[in-house]
Each structure stands twice: as C-alpha cells, then as structure tokens.
Amino acid sequence: MASEAPALIGSSGDSLREAFGKALSGLADEFPKLVVLDADIAGGTGVHHFRKSHPERFLQFGIAEQNMMAAAGGLAAVGLLPVVTTFAVFCLRAVEQARLSLAYCKRNAMIVASHPGLDVGPDGGSAQALEDIAAFRAIPGMTVISPADPIETALATRAILEFDGPVYMRTGRSPARRVFGDDHTFEIGKGRIVRGGNDVTIVACGVEVARAVEAAQVLAEDGIHARVVNMATIKPIDAVLLERCAKETGAIVTAEDHNILGGLGGAVAESLALTYPCPIEFVGVKDVFGASGEPEELAVMFGLGSKSIAEAARRAIARKGRM
Amino acid sequence: MASEAPALIGSSGDSLREAFGKALSGLADEFPKLVVLDADIAGGTGVHHFRKSHPERFLQFGIAEQNMMAAAGGLAAVGLLPVVTTFAVFCLRAVEQARLSLAYCKRNAMIVASHPGLDVGPDGGSAQALEDIAAFRAIPGMTVISPADPIETALATRAILEFDGPVYMRTGRSPARRVFGDDHTFEIGKGRIVRGGNDVTIVACGVEVARAVEAAQVLAEDGIHARVVNMATIKPIDAVLLERCAKETGAIVTAEDHNILGGLGGAVAESLALTYPCPIEFVGVKDVFGASGEPEELAVMFGLGSKSIAEAARRAIARKGRM
Amino acid sequence: MAFAPKAVITSRREAAPPPARDLEQEIALAARFVRQHVIASIYHAGSGHPGGSLSCADILATLFGAELNTWPGSPHDPMRDRFVLSKGHAAPALYAVGAHHGYCDKLASLKLRKFGSPFQGHPHIGDLPWVETSTGSLGQGFSVALGMAMGLKLQNSSARVYALLGDGELQEGEVWEGAMCAAHHKLDNFCAIIDYNKLQSDARNDEIMRLEPLAAKWRAFDWAVAEIDGHDVSALLKTFRRAGATHDRPSVIIAHTVKGKGVPYMENMPAWHGSVKLTREQADDALTALGATHKEIREYLDGV
Amino acid sequence: MAFAPKAVITSRREAAPPPARDLEQEIALAARFVRQHVIASIYHAGSGHPGGSLSCADILATLFGAELNTWPGSPHDPMRDRFVLSKGHAAPALYAVGAHHGYCDKLASLKLRKFGSPFQGHPHIGDLPWVETSTGSLGQGFSVALGMAMGLKLQNSSARVYALLGDGELQEGEVWEGAMCAAHHKLDNFCAIIDYNKLQSDARNDEIMRLEPLAAKWRAFDWAVAEIDGHDVSALLKTFRRAGATHDRPSVIIAHTVKGKGVPYMENMPAWHGSVKLTREQADDALTALGATHKEIREYLDGV
Ligand SMILES: Cc1ncc(C[n+]2csc(CCOP(=O)(O)OP(=O)(O)O)c2C)c(N)n1
Ligand SMILES: Cc1ncc(C[n+]2csc(CCOP(=O)(O)OP(=O)(O)O)c2C)c(N)n1
Ligand SMILES: [Mg+2]
Ligand SMILES: [Mg+2]
C-alpha cells in the first residue's frame, strides 16, 4: 500500500546507531538519572527507541545544537546524567559549548554522534563529518570513543554511562559488519588485538575495524601476517599496547573513517613518536570532502576499503628497517 | 587625569594582533576587494586600525560569530575578499560554518584569530584556546598559519590576501619578542631554519619560536647544538624540511601554545611517521585547561617556557638510537 | 502583511508589467514538473526528503519562473540575482526546477545521490556552479545569503538575494543572528522565504519546539513581513513584487504550505520528511496523483 | 511590565512578607561594597572589565541579598537556587558580592586574575565551587542555566534559576535558541535578567547591532517581560517577586542600567568596557566617588 509508513534508510538492526539507541533504552532503569537530549533528529540517531520507552526522560531541544550542548552542562550540574545526541557534523556546531560548559566544568555529560564520516553515504559531502575526532580530541579532558560494531557499541554505551567526565562517542549510520561475538568486553582506554600477526599492525576504529580484519585476511593469503588492533578509545590512547605492537611488528597502519589529519592516525603518530617511532601509513580521507554514494562504494573510492588498508600495510612493511 | 581614556592592555605595537591590524590597513588600497568582518571585538583583534582607516570596508556583525563566519562565504561569493576576525576561542563557535560555507565551497576567505593559547593571559582558562589548530587543521582544504613575530605577521597578512582558498591564521594578544629582522620573508607552506645545529631540531610556531631560540642558546652553553625551525605554516606542513631535519639531527622537539594533542606536534608526528620516524618530544599544554596569569608566568608553569623546551630537547637527544 | 510603504521606487521590478495569467499557468506547470521529478529522483536514489521538497515546489517554480534574474547560460554573471536553498535537504526540488529551466539536464538530474553524480544529497557548488552555495546544515545558507546581499549592496549592485528556509530551521540561533544583522544593515535587497509547512524532522513544530507567534518574531527583529499561501502562485508573485519594492528593511515571506503537497498519502505526514525509500508502487501512486500519464510514469521510473 | 496574571500561587516567595525598608538599605550598602571591591580588584589585577561590573552591582546585590535561596556554607545543597553570570566578564562583581555574603574571602578575592588565584578573569567552577558554571563565552551561561531549570523541574525541585546576561550578549543566536526552548518547555522556574546598559565592547548596541525593540523580541519568544530601572532596588525586589509567581512561562527582566554606574568618569563610556588598566589616580577617584573614606581607599589599594 502506497500510504504505508516509509522504510527507514540504513538503520537496520545492525547499524551502530540502532545498537546505541536500543542499549540506551535498556539501560535507562539502571541509570535513573539518565536523560537523553535530541535536536529533532531522534529517528536518525537511534534515540527514537528511548523516546518511546522513556518519554519522560527524553528532552527535545529542536534544531538548536548550541543550546542543547550547553544545556547538557546545566542538566549535569543538577545531578542528571545527560546524553547529547545528534549527527557528528552538527556536533561541530557546538564545539565551543562542549569545551566550556562540559569539559572545562568537568561535567558528567556524554555526547553521542551518529553519521560520522563517509559511512553517512548518500546525504553527501556536507553531512560527512571528517573532522570531529580531531576537534573533540583537542578539548582538554574529553574522552573520545569510536566503537567497531553493534555489540561493542552496546557495551560502550554502558561504559560511558558509568564513566566519570565528558565523553564524545561516534556511532554509525549504515548497517555495520559484526566483528565481535556476544562474549566481547569493552573497557574505555584499552585497545584490543582482534587478530594476531607479527609483520605489521593495523590500528583501526569504527567501521574500519571490519575492513582491517578483511585486509588481514587478504594479506594472509600472501603470507603476510597482519595484527589488527581495535582502538575503540582514541583518547586517551592505549600507548602501552601501541608501543608493544610497534616493537613486535615494526610497522603500523592506521585506519579511520575521518580525515587523515588529526584523528586516530594523529593520535597514534603522537603516541609512537614518544615511545617507539616506526613507519606508519595512514588510511583515511586524504584531506578532501566526501560525496554522495553508498558507504562501501565511497570507502573504495576514497581509499578506506580493505584493499587500501592492505596496500598501506605492504607499504609500511616495505619501509621497515629502511631508515 | 582620572577621566582620560584607559590604557589598552597588552596591545603594544609589538603584539601580533597589532601588527596584523596595522598591516591590514596598509594593504587595503592594494586589495580593493578586501573587507574586514568583526564581532564587536575590533579593539582586541587589532582591526580597530582598519575600522579607522577604511570604515566603509569594515563590516560589523555584532557578537554573533556563526553568522559572521558563514556570511564571509557570501561576501566571497560576490567577489569580495573577506577577513573574519575574532578571538581564537570564538572561532571554535563557528567551526562548522567555516567547514561548510568556506572550505567546502572553496571560498577565498580568511579567518584571523587573535588571543590564542596561554598567551591570552589574565582572561583565564575559558578564553585560552588550546584546540583551534587541531579543529581547523582537520577541515579539508583549510590552510593553517601561526606566525612567530610582528614582522612575520605583517608578511603573513599580505600572503594570505594573495592566497587562493580559505586560511585560518593565529595572531597573538601579548607583546611578542622579535625573532626576525626587516629582511625577513614569508611563504605559505615553507618552514624556515632560524638557527643552525645538528643535535636536535626544535620545530616551533607562534610565540614558541622565540622561546625555542632562547632554549637553543641555553643548550649551546652546554655544547648542545639545537636547530630551530619556524614552522609558521602548520598545514600544509613542510614535509620536505621536516624529513631533512629528522635525518640530519635524529631527534625532534615540537613547541606550540596549544594542546599537545592534534596541533603542530600532531602534524609533525604524522609527517615524520611517513618519511623518517624518529624520537619526538612535544612541548605544549598537556591536555589541561589554562588559567589566569601573565603569559610568561603561565608559559613557565604550564611547561611552555624555554627551560621546558631545553629539557625536552635533552630528552629527545637521549632517546636517539635507543630504539 | 506589513511591507513598508513604497516611499521610493527603486526596484527594476516596479517597471515590469503585472504578471500575466499565462505566466501563472506556466509556473503551475513548472511546479507540477518539479513535484514529479522530485518523486522520480528520490525513487531512483532510494533515499531523500520528499515532504519538504514537495512543499516548496510552487515557491521555487515562482522564483525561477518569474522572480529571479538569472540565466542558465551565465551562472557567473555578476548582475544575476542569487538564490540560496538554505533548507538544503530539499535539493531534489532545486535540481528539478533547475532542470526545468535549463540549468541542468533533466535525465542526469534524476541520478540523485549516486556516486559520481553532481546531484548530491545536498546542493554543492563544487559540483554545480549554478548552486550559489553549498547547504545541508540548517541556518548556514541564510547567513551566506545575507553575506551576498551585504556584499552586493557594498558594490552598488541592484541584484537581489533570496533564501528559502524551513520552519524547523528557524530554531537555529544562527538564523536570529542573521535576522538581527540583516535588519541592522538595512539589507532591503534581501528576501527570505519560510516554507511554513508546520512539520520538521520528527513531528510538528508545535511538538518539537513551538515557533508561534512567528510573524511577531520577525517583526520584532525589524523585518518587513508578509504571510501568504505558499501554494498560491498569484499571491507569491505579488508578494515578491512588494518585497522588491521594500525600502530600508529586509523582507520575509512566511509561506504557509503543506508538507508533501500534491501526494495525498504524504501530505502532513511527518514520516515522509526523512530520508525515505520509495517503493515502486508508492512512486507510481505519487506520480499518478501528480498528474503524470502512464507513459510519463514509465519514462520517469524505467527510463533512467 | 507584562507578567502573567498569578492564577496559581506556587512560589514560596508569595508567603514572604513584603521587603522591609532596611532590607533595601542593606542591599544598597552591599551594592556600594561591590562597586568599591570591583574597582580595587581591577586596579590590582591591572586588567578587567569595570563598566559592565559596575552596571550590574545593584542587580547582584539584590539577588544575593534577598532573592536567592543560597547559603555560603552549603554550596552543594540540591535545594538551593542557582545563579549563573552569563556575562562572565563581570566576574569582579560576582566575586565582590560573593565576598560580601561570605562565599569567599574579601581580601583573597582582591587577588583577581593572578596566577594561582581562584579568582580568574572569568568565573570558573573548578576554582570556586559556589560558581554554578564556568562562563566567559557569551550566550553559554544562559543555556546552561536553562538546562539547570529544566533538570530541576524534572526532579520536582522548587529551586529557581537566575541568569544575568549582557545586552550585547543577546546578539548571540544561542540566546534565542534558549529563549525559544525555555518558553516551549514552560520553564517558569527560570528568570533571565538583562543588564541593559546600552553599551557593549566597542560602542553602543545601536551602532554595533541594534537590539530594539527588545521587549517585543522577548514577548514574541513567549516570555513574561518586565522592564525596570536596574539600579532601583525596590523595583528589583518587586519584580523578582512577580517573576517568582509567574506561571507556565519563563520571565525576563530588562533592567535599564548605566554602564560604569557610580564612577562618573566611566559612566556611559564604551572605553571603560574593555579589559583596562586603572592608574592609582583613577582608582582613587573612582573609590572616592563610590563613597569610600581615605582610610578605606588606603586599605583597598595598599592593604593587599
Ligand atoms: C544544523 C542542522 N541540524 C540538523 C539537521 C538535520 N535535519 C535535516 S532536515 C531537518 C528538519 C528540517 O525541518 P524544516 O526546516 O521544517 O524543513 P522542511 O519541513 O521544509 O523539510 C533536520 C533536523 C540539519 N540538516 N542541520
Ligand atoms: C561568544 C563571545 N564572543 C565575544 C566575546 C568578547 N566579549 C567580551 S565582553 C563583550 C561585550 C559584551 O557586551 P555586553 O553583553 O553588553 O556586556 P556588558 O555591557 O554588560 O559588559 C564581548 C564582545 C565573548 N566573551 N564571548
Ligand atoms: Mg518544515
Ligand atoms: Mg552591555
């Protein structure tokens, strides 16, 4: 029937935003102070689930991200546990509010951003945030997280509610591949080796973790054993694990759905420069804007696909010991 | 007489903002399309000079940075050459506007931010932007500049007006030490060796260049020959010069009045990870907010002073060949 | 309606003859084309915002059909009027009206939101030079348009600037910054049109964030305000003419519209705001309701 | 004045007796102390914003002297009212009124803007727990206060929230986002006070960015609006009481003030807005004008 409600795009049960939205509803009883802030985009961020399950704790701010972000500071100040939700690109509208009214005040407030990077797909370049990790990472005391799959997103949702201090967490728009089983655990600040190998380490976050695993499988066919690290916490970065990987594998690839400047790649480069400098290749969007298209297609065209990661791994390996 | 106009603070002829403001006035005739945008802070950013000399090209937007930033896109669209001016921390209010309406549209529009970092002094932590380089560096196609002294600021002012594409440039609030003579030249994208040496390279920008030179002098007394590079363009970074310095000196220190995460240090670490990985030590604010105080005093207390740079240099040298 | 009295007649529009009946008919036909094209392109894209594209079809058709001094062949003419689609998610409607008037190809512009196509989910000047500025983040287009109006005035141009905003978009503080600024600078070459369809992303404005009394807000921000039926082409034409003659103040036209206008099953339904997927049957029904023949429907849906 | 009729009496303030004459005198004395302390602390700091600190002294003295249910000994009491200095550059006035009421030490708070002192150039909750939120970036304090009001209401608290804004601050779009939001959510426990001193950083509001008709703007955003003389303590007291009894709507008090009030050579002079350095002679003159004795002046200026 033509008059039926339309199908929501890209929010199958396996998108990170859906996993986040459902997890939030499930956790609401356990966290009675939890309130969810929306800027007229609940259907997009996954928190329509929470609106339905806990309407009295769902706070509507309209299309006004600055006010929403700063108001979260006030809600936290009176003892509530606010979770600010919008698209990643619109979080960039409220960077200064997150800085002053959340981070500077050390508020227990969480920012959860859906629609990061090229994963946004057909909405196109204007909507594909490639800068958010860099911008939020630079705010003193702000923790930055980008989980890899729906299971991890659900775990991370609980972890940030239990966490003390402001957090910026990315989810994702498009159906995501599963990386982890039901036995997965998550801890803020800890990277995890998801695949062993000693020739090179691929450090990835978000949608790039699944692609990194795929790249490692391809490399394995050529006898190259790539280690894959899921670096779900970008700040504070797991410097100990990075140092170990650099020592053990001698070359690093970073992979993220973000500009290659200032994001996960930057965090890894900074960390290793302090502990164990080694060749790094960066997989990410190369300082250009995105475009409309399907996420997988865009990933390939902009050099974020598993093939690009595998090529970067070969380059990194080739540079070992060449200094 | 008590009723005399009050003395303006910190804007002696030798602050970068004053140098910028005066340069802008001086260039107005040569650049007839130049218009200057202000958000009620002209006395602070140095463009009161321009307001006086060219009132008809001075555009007042009131205390409304978002509208000002995006409107610059419109002014550029109709053939004018807009220079957006405010404090660095308030540029963070308009990151998304700079992204979409300037960078994504490839507008010829310049953002010039005064009051960056601890150099802000007594206004305190809320006003001391430690995130702006990271945030603007992550915007695709945005050029990022932070000149070192008044002479260079004047040259950089001309350079950005001649440049094609959006630029984010930092000036400074407090009286700045001279680093260069009247014969100095400036080119966007080029780092410059301001002092020779082969034991370590200190890569600095903004106020930290003068402190780096001072650190090198102190180190020289101990027989350590530190090279000092003025990396006035943070993006695009001078990868060729960095590689050469890394090869020739084997260890790097970065120094900036910014969070150690994502700024100049991040840019240098990313660049060298690709070309010539080597030990790097980062001098900057260590992911905490600033505080009120005098700039020189704050520099010492937050580890940005010449002593901290010299210590970082010793640490970097000690790490050479220890991998 | 509260436009300032026409103390001084400056607009070149003053001299133009009153709109002819057949102009109105032409515009109505163009609007019908826009609506059909919107449905077809969103059908092919598999995503896109139909509701807010349909509500502004008559406004766009009127602007491009009669009001804007723009010429498809010379998108860089400094004398041209500027139009900014501040509610950038209505891109399909902009592409459609552009296609109708020769700014872009009709068939090509059905290739919406696809990789490699210049017809992105939100209008991008980097892909289409006749798009005056890239939009998609609500509030910004309005400020950019304001900057254009200011810059044109500074250069003594007689070109005018038009910005089309959504009602939900008015919740962005940036719009009120711009409203204050445009009035302060007396930008009477600037005209904002509000596509007042009473719905935004998730629900009615009233539920999400009340906008009323809306005309009072704009008056208090010192704009000349007109309130009209945004589907009444004749009213649109007259109101644009008045706005063009307003002196010393920017003009806002609050155009009351119906979200999803023309497609009965979409009208006034928030669910059809969002980025939705149209089934073949839905697209067929919509095109039928919009007066397309069987042959046209086949061309729209199969001919691409 | 246009507060809603008091249909339902809910405020605990209703029960309180009308303000006594001596309360007004107490407040006037407190305001005088605030002004003197502001001058002294800015003199010692060598920078700071005197104009906007002096203009709001009576407002702050009234709030802290009579209106706010807050107690210096228990800055974390969940039942307390909240006050947010959204115009954070008036920090010296906040510290002064805090010192007067025992929230901080009088002598210590003269050590303004110095390294190691908790009395930063802009108020910071990390340094002073009785500062409800850090401010300094205009527009934000208002939103934070709104969040507090919303959160208190959600938790059925009867505590009220007050935010003091500058007039120039109203140019920030964030304020109008918040204005729309507070009205939509019927935050009648929220009261904004505008320190309407007609000046901002560089010049008069009228020159920089016209705000008038200001009351009409707030009315169009659906707030209960009162306009009073912001130096008239009796009017302030009455208006706060009315605001406390307003139902279903947030209240705004447009308090007409004089920038630099109390120091003749500063009054209405834009130059004294900014971060300025006071000479010994200027400080002396100012304190004399503010009624300090020679002995007091010496204590203020030399006793630190
Ligand atoms: C700054 C910003 N925040 C959020 C969005 C997401 N968004 C896209 S359309 C929309 C609703 C817009 O409603 P309205 O302005 O009424 O548009 P219309 O009804 O005409 O489609 C929202 C919230 C956006 N594009 N920009
Ligand atoms: C977002 C932001 N932009 C700019 C400034 C710089 N600034 C500090 S005070 C001021 C003028 C404020 O004027 P007003 O609000 O009228 O304050 P008052 O007259 O009461 O001092 C400005 C522009 C700021 N603090 N915050
Ligand atoms: Mg709408
Ligand atoms: Mg003022």
Side-chain angles (χ1 to χ4, degrees), chain A residues 1-11 38-45 47-48 51 58 60-68 70 86-87 89-90 92-94 97 115 118 120-129 173-174 288-302, chain C residues 45-48 50 88-89 91 112-124 126-127 134-140 166 168-174 200-203 205 207-211 263-266 269-279 281-286 289:
Chain A
M1 264 246 332
S3 57
E4 259 171 32
L8 268 176
I9 306 298
S11 60
D38 171 43
D40 188 31
I41 211 166
T45 56
V47 297
H48 56 286
R51 180 179 53 193
F58 178 82
Q60 182 56 259
F61 282 82
I63 312 175
E65 293 82 7
Q66 295 204 325
N67 182 54
M68 171 171 67
T86 182
F87 291 179
V89 76
F90 306 130
L92 293 176
R93 261 196 185 224
Q97 281 75 11
H115 290 61
L118 302 179
V120 167
D123 273 359
S126 77
Q128 294 161 352
R173 167 191 172 272
S174 303
V288 295
F289 284 96
S292 285
E294 289 308 315
E296 287 302 331
E297 177 180 51
L298 292 171
V300 172
M301 301 308 294
F302 283 86
Chain C
S47 69
H89 58 279
L112 179 70
R113 294 175 153 251
K114 304 280 189 206
F115 184 76
S117 157
F119 301 95
Q120 288 206 51
H122 296 87
H124 181 33
D127 291 327
S134 304
T135 49
S137 174
L138 296 167
Q140 288 199 43
E169 182 172 11
L170 304 183
Q171 291 153 5
E172 282 292 348
E174 182 174 358
Q200 45 194 103
S201 232
D202 265 350
N205 307 142
E207 268 177 77
I208 300 289
M209 187 62 58
R210 196 170 59 248
L211 293 167
V263 178
Y265 69 84
M266 287 186 182
M269 295 286 295
W272 292 100
H273 161 82
S275 201
V276 296
K277 205 177 202 115
L278 290 177
T279 63
E281 199 192 342
Q282 285 167 335
D284 211 312
D285 278 11

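Hydrogens, waters and symmetry mates play no part in the numbers below; they use all other heavy atoms, side chains included. Reminder, nothing fancy here: chain letters follow the sequence lines and each chain counts from 1.
Contacts between C/Glu169 and chain A at a heavy-atom distance below 4.5 Å involve the backbone alone (N, CA, C, O). At a 4.5 Å heavy-atom cutoff, C/Ser134 makes no contact with chain A through either its backbone or its side chain. In this structure, the portion of A/Glu297 lying under 4.5 Å from any heavy atom of chain C is its side chain and not its backbone. Neither the backbone nor the side chain of A/Asn67 comes within contact range of chain C; no heavy atom of the residue lies under 4.5 Å from a heavy atom of that chain. Neither the backbone nor the side chain of C/His124 comes within less than 4.5 Å of any heavy atom of chain A. Of the atoms belonging to C/Ser117, not a single heavy atom falls under 4.5 Å from chain A.
Remark: the backbone N or O of C/Gly121 is paired with a side-chain donor or acceptor of A/Ser292 at under 3.5 angstrom. With hydrogens and angles ignored, the 3.5 Å screen pairs a side-chain donor or acceptor of C/Gln120 with a backbone N or O of A/Gly125.
For the atom pair C/Ile208 CD1 and A/Asp38 CG, the distance stands at 7.0 Å (nearest 0.5 Å). In this structure, the separation between CD1 on A/Ile63 and CG on C/Leu138 is 5.5 Å, given to the nearest 0.5 Å. For the atom pair CG (C/Asp202) and CZ (A/Arg51), the distance works out to 4.5 Å, reported to the nearest 0.5 Å.
With respect to chain C, the highest number of heavy-atom pairs below 4.5 Å among A/Ala39, A/Ala42, A/Gly121 belongs to A/Ala42. Options C/Ser137, C/Ala203, C/Pro123, C/Gly173 differ in how many heavy-atom pairs under 4.5 Å they form with chain A, and the most are formed by C/Ser137.
Nearest approach of C/Arg113 to A/Asp123, heavy atoms of both residues: NH2-OD1, 2.8 Å.
In this view, C/Glu172 and A/Arg93 satisfy the salt bridge (charged side-chain N to carboxylate O under 4.0 Å, His left out) rule, not counting sequence neighbours.
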